[in-house]
Amino acid sequence: MTKLFTSFYYKDDYWRVQQVLNMGVIEGQPLMDAQAWESLKRTSDKAVQNWIDTQMADRSTVLVLVGSNTASRPWVRYEIVKAWNERKKLLGIRIHGLQNSEKKTSSAGADPFANIKLDNGKSLSDYIPLHTPIGAASTDVHASISKNLATWLSQAPKRN
């Protein structure tokens, strides 16, 4: 089982992320419930940053689970940049095709790696894969993620 840090937009995708974590392929950091997350956010940006830093510290891989609004979230960006700078394995998987708690799917969002530019003029999307599961129905998307997750994780690029 791969031990990793999971990055995602809490408000939109918590339910979808739980589906991925429950597949039994990965061991993610403990997820806060909505009340604990909101309480932490109200404390200070430094408190959120410290929580992220602590949770990510002993993880070798960062998995970004990408919903329709993930790319615009500042804490997701912080987590991606931190993972890149610390030379952790990094990859993304689109989860917009999974149903949420209201049995609704959403539209694909922007690639969160595309807006992070490097000194060489390229963006992280030139180096980091963003996998799109196949299937029209949520059950098909779930099956695609479940079938491919271990392979995608094993093939995640690692920086030397």
Applying a strict under-4.5 Å side-chain criterion to I, L, V, M, F, W and Y, I'd like to know whether [X] and [Y] cluster together.
{"X": "Val48", "Y": "Val81", "answer": "yes"}
{"X": "Leu40", "Y": "Tyr14", "answer": "yes"}
{"X": "Tyr9", "Y": "Ile145", "answer": "no"}
{"X": "Ile93", "Y": "Tyr127", "answer": "yes"}

When you measure from the side chain of [X] to the backbone N and O of [Y], does any donor-acceptor pair fall under 3.5 Å?
{"X": "Ser144", "Y": "Pro133", "answer": "no"}
{"X": "Asp126", "Y": "Ser123", "answer": "yes"}
{"X": "Arg77", "Y": "Pro112", "answer": "no"}
{"X": "Lys117", "Y": "Ala114", "answer": "yes"}
{"X": "Thr54", "Y": "Asn50", "answer": "yes"}
{"X": "Lys88", "Y": "Arg59", "answer": "yes"}
{"X": "Asn100", "Y": "Lys104", "answer": "yes"}

Exercise: identify the closest heavy-atom pair between [X] and [Y]:
{"X": "Leu130", "Y": "Arg94", "answer": "CD2-NH2, 3.2 Å"}
{"X": "Arg16", "Y": "Leu98", "answer": "NE-O, 2.7 Å"}
{"X": "Ala71", "Y": "Ala110", "answer": "CB-O, 3.5 Å"}
{"X": "Leu91", "Y": "Ala156", "answer": "CD2-CB, 3.7 Å"}
{"X": "Leu4", "Y": "Thr61", "answer": "CB-O, 3.1 Å"}
{"X": "Ser7", "Y": "Val62", "answer": "CB-CG1, 4.4 Å"}

Go through the structure and list residues passing side-chain hydrogen bond (donor to acceptor under 3.5 Å, both in side chains) with Asn69, not counting sequence neighbours.
Asp12

Using 30° and 60° as the class boundaries, would you call the ring planes of Tyr78 and Trp75 parallel, tilted or perpendicular?
perpendicular

Relative to the ring of Trp152, is the ring of His131 parallel (under 30°), tilted (30 to 60°) or perpendicular (over 60°)?
parallel

Got [X] and [Y] here, is their nearest side-chain heavy-atom distance under 4.5 Å?
{"X": "Leu118", "Y": "Leu124", "value": "yes"}
{"X": "Val64", "Y": "Glu79", "value": "no"}
{"X": "Asp58", "Y": "Phe5", "value": "no"}
{"X": "Ile95", "Y": "Thr70", "value": "no"}

Starting at [atom1] of [X], measure out to [atom2] of [Y] and round the result to the nearest 0.5 Å.
{"X": "Leu21", "Y": "Phe8", "atom1": "CG", "atom2": "CZ", "value": "7.5 Å"}
{"X": "Asn85", "Y": "Ile80", "atom1": "CG", "atom2": "CD1", "value": "12.0 Å"}
{"X": "Arg73", "Y": "Tyr10", "atom1": "CZ", "atom2": "OH", "value": "14.0 Å"}
{"X": "His142", "Y": "Asn22", "atom1": "NE2", "atom2": "CG", "value": "7.5 Å"}
{"X": "Lys82", "Y": "Leu90", "atom1": "NZ", "atom2": "CG", "value": "13.0 Å"}
{"X": "His96", "Y": "Asp13", "atom1": "NE2", "atom2": "CG", "value": "10.5 Å"}

I would like to know whether Ser138 and Gln99 meet side-chain hydrogen bond (donor to acceptor under 3.5 Å, both in side chains); could you show each step before the answer?
CA-CA 6 Å; Ser138 180; Gln99 291 180 346; 4.6 Å; no

Taking the basic N atoms (NZ, or NE/NH1/NH2) and the acidic carboxylate oxygens, is any pair closer than 4.0 Å for Glu38 and Lys41?
yes

